Amino acid sequence: MHSRTKGAPTHPTRRLLITWAVLMGLTLISMASARLGGETRLEALPLWSAGLLLATTFFKAHRVLMVYLGLAASTPAWRGAFTGLTLFTLLLVGAGYLVAQAA
């Protein structure tokens with residue numbers, strides 16, 4: 001019985017560490033896509049790079065909500081509401097980027 005209680009805390013810790021590693025990898029992808037976007041620092045990012053940044057940001061926010069904040073254990077309504085708000089926020093950022101590109 002002692003071995004069961006000893007092994008129980010490692011599962012959540014392992015999940016958190018894997019999620020942390022994935023988030024760090026996505027951060028590196030975001031940084032690399034921003035660096036590949038242009039030669040000068042004052043130029044806007046190309047559309048593909050901005051899209052990649054927004055996509056990785058959505059996935060990272062989703063992982064933080066589900067794993068670190070424990071939203072995976074809540075009702076589908078709460079998960080949908082927070083996922084929808086995150087998506088809406090990123091769509092606003094993307095729309096602002098497109099408006100700035102057109103100007």
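Just so you know, these numbers use all the heavy atoms, side chains as well, and skip hydrogens, waters and symmetry mates. Source: prediction; values computed, not measured.
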Chemist: Between R15 (side chain) and V67 (backbone), is there a donor-acceptor pair under 3.5 Å?
Modeler: no
Chemist: Hey, could you give me the CG/CG distance between L28 and L23, rounded to the nearest 0.5 Å?
Modeler: 11.0 Å
Chemist: So, for L65 and T86, which heavy atoms are closest and what is the spacing to 0.1 Å?
Modeler: CD1-OG1, 3.5 Å
Chemist: Measure the spacing between CG of L91 and CZ of F58 and express it to the nearest 0.5 Å.
Modeler: 9.5 Å
Chemist: Roughly how far, to the nearest 0.5 Å, is the CG atom of L71 from the NE2 atom of H62?
Modeler: 8.0 Å
Chemist: If hydrophobic clusters are built from ILVMFWY residues whose side chains come within less than 4.5 Å, do Y68 and M24 share one?
Modeler: yes
Chemist: How long is the straight-line distance from CG of L16 back to CZ of R63, given to the nearest 0.5 Å?
Modeler: 11.0 Å
Chemist: Can you tell me how far the CD atom of Q101 sits from the CG atom of L47, to the nearest 0.5 Å?
Modeler: 7.5 Å
Chemist: How long is the gap from CG on L92 to CG on L87, to the nearest 0.5 Å?
Modeler: 10.0 Å
Chemist: Between T19 and M66, does a side chain to side chain contact (heavy atoms under 4.5 Å, CB included) hold up when you go through it step by step?
Modeler: CA-CA 10 Å; T19 301; M66 296 302 152; over 6 Å; no
Chemist: So do F82 and L69 actually touch side chain to side chain, heavy atoms under 4.5 Å?
Modeler: no
Chemist: Hydrophobic cluster membership, with links at side-chain heavy-atom distances under 4.5 Å among I/L/V/M/F/W/Y: are L85 and V64 in one?
Modeler: no
Chemist: Please confirm whether the backbone N or O of G80 pairs with a side-chain atom of T83, one donor and one acceptor, at under 3.5 Å?
Modeler: no
